Amino acid sequence: MSEKKKETQSHAMLVGGFSPFTKGHDENVKQMKEDGHTSINVFTTQSSRRPISAEKKVDYIQTAVGPDVHVDSTTTPLHAAAQLYSSGKRGKLVVYGGSDRSSIADRIRDYNNKESKHGFYNFDSVEYRQVGGERKEGAKGLAGISGSAARKAKNAKELKKFLPKSLHSRADEIFKDLKEETNPTAFFLIGGPGSGKDFVLKNTFAK
């Protein structure tokens, strides 16, 4: 009886940049649902390299996966695990992803029951579940679908090839977000005396 209770207290987690949320990501969520976890959780990270804001990504992902999946933003997978634990999740944590994401589970496992700057979590176990075949650029089917490939789409129609059907109605919006330039957070200008630094600065910030 105790073993059955322990098994049902399992929490599935998918973490990624999701710029954009693709068919491959959607397949992970479908598998998470089929595996019958206590909770299903998707966390999107954000950085200056990602063309879509965390708020918009949460909105897009929620549209794709439905209301029965918890979607939130995070800083790193370690922060995501801490967020789950602080929300009251206990038992087993199962990290889902493609063939290139097993290291995420390893990293989370390394910090299990250890206080650090990302926060604290202590799950009974941390496991990894691979969904799909070996991922590589140019592969056929879901193995070849990636965010980087989707970002190369020339228009919204082409982008739909990478998106789950639930997001096809928002393809134009997502395509526009992907093409928006992100502002740099810092400028580094190096040059000797008389090299024209003042001229470059003046003309750069004038724009």
Side-chain angles (χ1 to χ4, degrees), residues 1-22 24-50 52-62 64-136 142-143 145-148 185:
M1 189 71 172
S2 60
E3 285 299 315
K4 184 177 180 181
K5 183 178 180 181
K6 184 177 180 180
E7 180 64 24
T8 58
Q9 292 299 310
S10 62
H11 307 282
M13 184 174 76
L14 178 66
V15 184
F18 305 128
S19 285
F21 186 80
T22 68
H25 301 136
D26 196 51
E27 283 300 312
N28 276 269
V29 175
K30 288 179 180 178
Q31 188 62 59
M32 291 157 74
K33 290 180 178 181
E34 290 179 8
D35 289 347
H37 295 281
T38 310
S39 72
I40 302 169
N41 309 273
V42 178
F43 288 91
T44 179
T45 58
Q46 181 64 30
S47 73
S48 59
R49 296 183 299 107
R50 300 296 180 183
I52 307 178
S53 69
E55 292 77 16
K56 280 193 172 183
K57 287 192 288 185
V58 168
D59 182 33
Y60 291 141
I61 297 168
Q62 199 73 73
V65 302
D68 55 335
V69 176
H70 172 71
V71 182
D72 203 351
S73 60
T74 193
T75 306
T76 69
L78 299 177
H79 287 84
Q83 285 171 238
L84 284 180
Y85 193 79
S86 65
S87 70
K89 303 293 190 298
R90 300 292 186 271
K92 178 172 65 177
L93 178 64
V94 184
V95 180
Y96 282 69
S99 59
D100 58 341
R101 298 302 171 121
S102 61
S103 60
I104 291 178
D106 293 337
R107 187 71 170 165
I108 293 174
R109 194 179 298 113
D110 288 342
Y111 280 90
N112 197 39
N113 197 26
K114 294 179 181 178
E115 187 72 49
S116 189
K117 60 183 180 180
H118 57 257
F120 177 81
Y121 55 87
N122 184 18
F123 293 100
D124 294 341
S125 63
V126 178
E127 300 177 7
Y128 170 67
R129 173 74 188 274
Q130 179 178 324
V131 178
E134 293 298 313
R135 287 186 59 184
K136 60 181 180 179
L142 291 174
I145 292 179
S146 66
S148 58
T185 56

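Note that this is a predicted model, so its numbers are computed, not measured.
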Checklist entry - Would a 4.5 Å heavy-atom cut-off, applied to side chains only, mark V95 and V15 as touching? => result no
Item to check | Within-4.5 Å side-chain heavy-atom neighbours: Q46 and K57 | outcome: yes
Item to check | F21 vs V71 side-chain heavy atoms within contact, under 4.5 Å | outcome: no
Next on the checklist: Using the rule given for side chain to side chain contact (heavy atoms under 4.5 Å, CB included), can you reason through Y121 versus L78, listing the C-alpha separation, both sets of side-chain angles and the distance that settles it, and then say yes or no?
Outcome noted: CA-CA 9 Å; Y121 55 87; L78 299 177; 3.4 Å; yes
Item to check | Spacing of E127 atom CD and I108 atom CD1 [to the nearest 0.5 Å] | outcome: 12.5 Å
Item to check | Reported CD-to-CG distance for the pair Q31 and L14, which is rounded to 0.5 angstrom | outcome: 12.0 Å
Next on the checklist: Taking G97's backbone N and O only, do any of them form a donor-acceptor pair with N28's side chain (distance below 3.5 Å, no angle check)?
Outcome noted: yes
Checklist entry - What distance do S39 atom OG and L84 atom CG have between them, rounded to the nearest 0.5 Å? => result 6.5 Å
Item to check | Within 45° cone and under 6.0 Å: R90 NZ/CZ vs F123 ring | outcome: no
Item to check | Minimal non-hydrogen separation, L93 against M13, with atom names | outcome: CD1-CB, 4.0 Å
Checklist entry - Any side-chain heavy atom of S73 within less than 4.5 Å of one from E55? => result no
Next on the checklist: Please find the pair of heavy atoms, one from Y128 and one from A105, that lie closest to each other, and give the distance.
Outcome noted: CB-CB, 3.7 Å
Checklist entry - Considering residues at least two apart in sequence or located in another chain, which fulfil the side chain to side chain contact (heavy atoms under 4.5 Å, CB included) criterion with T75? => result H79
Item to check | Shortest non-hydrogen contact between G16 and R101, atoms and distance | outcome: CA-NH1, 4.3 Å
Checklist outcome for this item: Here the salt bridge (Lys or Arg N to Asp or Glu O under 4.0 Å) pairs for residues 74-87, sequence neighbours left out, are none
Checklist entry - So does R109 pair up with D106, basic N to acidic O under 4.0 Å? => result yes
Checklist entry - How close do V69 and Q62 get, heavy atom to heavy atom, and via which atoms? => result O-NE2, 2.9 Å
Checklist entry - Distance from Y111 atom OH to T76 atom OG1, nearest 0.5 Å? => result 9.5 Å
Checklist entry - Quick one: salt bridge (Lys or Arg N to Asp or Glu O under 4.0 Å) pairs with a partner in residues 64-78, sequence neighbours left out? => result K33-D68
Checklist entry - Looking only at heavy atoms, what is the nearest atom pair of H37 and M32, with distance? => result CD2-O, 3.4 Å
Next on the checklist: Return the CG to OG distance between D100 and S146, rounded to the nearest 0.5 Å.
Outcome noted: 9.0 Å
Checklist entry - Of the non-hydrogen atoms in S86 and Q83, which two are nearest, and what is the gap between them? => result OG-O, 2.9 Å
Next on the checklist: Rounded to the nearest 0.5 Å, what separates atom CD1 in I40 from atom CD in E34?
Outcome noted: 10.0 Å
